[in-house]
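A, B, ... follow the sequence lines: proteins, then strands. Residue 1 opens every chain.
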There are 2 protein chains.
Amino acid sequence: MARPRQFDEDRVITAAMETFWRHGYEGTSTRDLCDSTGLGPSSLYNTFGGKRELYLRALDRYYETVTGAQIERLQGPGTAKDRLRAMMLTSVDSDLDADDGRGCFAINAAIELAGLDADVKRVVRRNFTRVEDEVRAVVQEGQDAGEIPADRDARAVARLVQSTYYGLRVLGRVQDDRDVLVATVDDTLERL
Amino acid sequence: MARPRQFDEDRVITAAMETFWRHGYEGTSTRDLCDSTGLGPSSLYNTFGGKRELYLRALDRYYETVTGAQIERLQGPGTAKDRLRAMMLTSVDSDLDADDGRGCFAINAAIELAGLDADVKRVVRRNFTRVEDEVRAVVQEGQDAGEIPADRDARAVARLVQSTYYGLRVLGRVQDDRDVLVATVDDTLERL
DNA sequence: CGGGTTTTGAAGCGACTGATTCAAAACGAG
DNA sequence: CTCGTTTTGAATCAGTCGCTTCAAAACCCG
């Protein structure tokens, strides 16, 4: 065998995710990545191939961790509407946190690169589809429990929730008034 | 007096808008701007100051032209719901046009820069607020005409429409199936 | 047409871009 | 301990970044 790596690949990808998440793809230089990961350029390129490949790995990591936590929240305790509300409010508060200010990495990637890079588009779509599927399941539960009117297709309702949700995350980038965003969340759920 | 300019400032800003719109701020170089505007770097910097200032001017231009056209559509003929539907469908079709693929410049700016540049945030917020105000007016008309239930605050309804609308524009970046997006538009309007 | 003013194109500034090279270092297997 | 393999850091590649300089060109006014 040969010399083992001095770094943890998972930690490196997580650090790269944070950097890409905050500064975008074009806004992140390879030096930025070396600084945030602690790797030298040769290690970085030897391990991952290049900036683009690392970006795709970072997007995957976002899907596994942040989106994963969102999914778990949707599958957690509480009524259907409680869980949908929790998902949206968690994001609203994250978007309004001044020390955060990164928004949703998947949405950022969709806006910056989905139109230019088919691989990015594919990964983002998988992310969105996964959320839609889980929201649909929650809506279905709500309908079964009589909490949400069952006269509409659960998937259609889920897409409505999803659109509003992503729209809120866009508005959260320029809207500082939390009450306005929370009111929209409540209105959305009331009308299901 | 002195030597007059050989270019039309409006045309230059429009060309810069197209370039920034398609490639983003970080994805656009000063060379790209020189190529698309036809100006030399000295003329460009002498006239506008720099890349960032030109970007802000381009955002203003988007507000005046594209958003302006949207506003006019909202103020045009047809029922309230017809006009809201027209606004959303126009954007859906624009987002799905493969030769276009730029999305909404204001949303792009919000995602890429609103968290990093207070001036960009201000301009985007003005854009969003203007749309919200106009949608609110249309909702109000719909309520006065008995087309939309009047038991809800028109502004709250407008914010709901706006969130869904911006969410659709995000989804439009990765969702190729027009029917899915159109169905969400219809569902949104049905539920007002 | 001369004088004053502005714009223009070409050249280039230092800094940084993504990426590569390469020898030294660090290991496990025999 | 040696060999074969892999990783690492340092140095550096050509190219591009945003931006500036400057003299020549282009104009209007008198």
query = To the nearest angstrom, how far is A:Q6 atom CD from C:dA25 atom P?
reply = 13 Å

request  = Would you kindly give the CZ-to-P distance between A:F48 and C:dT20, to the nearest whole Å?
outcome  = 16 Å

key: Short side-chain N/O contact from B:Y45 to OP1 or OP2 of D:dT20, under 4.0 Å   = no

key: Atom-to-atom span, CG of A:L33 to P of C:dC16 - whole angstrom   = 16 Å

ask   = Within the structure shown, what part of the strands sits under 4.0 Å from B:P41 by heavy-atom distance: base, sugar-phosphate, or nothing?
value = base

inquiry  = Using a distance-only criterion (donor-acceptor N/O pair, under 3.5 Å, no hydrogens), is the base of C:dT7 paired with the side chain of B:R3?
reply    = yes

Protein-nucleotide distance (A:R31, atom CZ; D:dG9, atom P), rounded to Å = 15 Å

ask   = Rounded to the Å, how far apart are A:L54 CG and C:dA19 P?
value = 11 Å

Euclidean distance, atom CG of residue B:N46 to atom C1' of D:dA25 [Å, nearest integer] = 15 Å

request  = Could you please name the option among C:dG12, D:dT12, C:dT8 that lies closest to any side-chain atom of B:R5?
outcome  = C:dT8

note = note: B:E53, atom CD; D:dG18, atom P; distance rounded to Å ~ 13 Å

task = Verify the distance criterion only: is there a donor paired with an acceptor across the side chains of B:S91 and B:R169 at less than 3.5 Å?
result = yes

key: pair A:V161-A:L192: side-chain heavy atoms closer than 4.5 Å   = yes

key: NZ/NE/NH1/NH2 to OD/OE distance under 4.0 Å, A:D133 and A:R136   = no

request  = Flag yes if more than 12 heavy atoms outside B:R191 fall under 6.0 Å of its CZ atom; otherwise flag no.
outcome  = yes

ask   = Do the side-chain N or O atoms of B:S29 get closer than 4.0 angstrom to the phosphate oxygens (OP1, OP2) of D:dT16?
value = no

request  = May I have the distance from B:F20 (atom CZ) to D:dG18 (atom P), rounded to whole angstrom?
outcome  = 9 Å

message = For a ring pair (Phe, Tyr, Trp, His ring centres under 6.0 Å) check, start with the C-alpha distance between B:Y62 and B:F20, then their side-chain angles and the critical distance, and finish with the verdict.
response = CA-CA 11 Å; B:Y62 183 81; B:F20 279 129; over 10 Å; no

request  = Pick base, sugar-phosphate or nothing for A:S42, based on heavy-atom distances below 4.0 Å to the nucleic acid.
outcome  = base

Candidate nucleotides D:dA26, C:dT17, D:dC19, ranked by approach to the side chain of B:T30 - the nearest = D:dC19

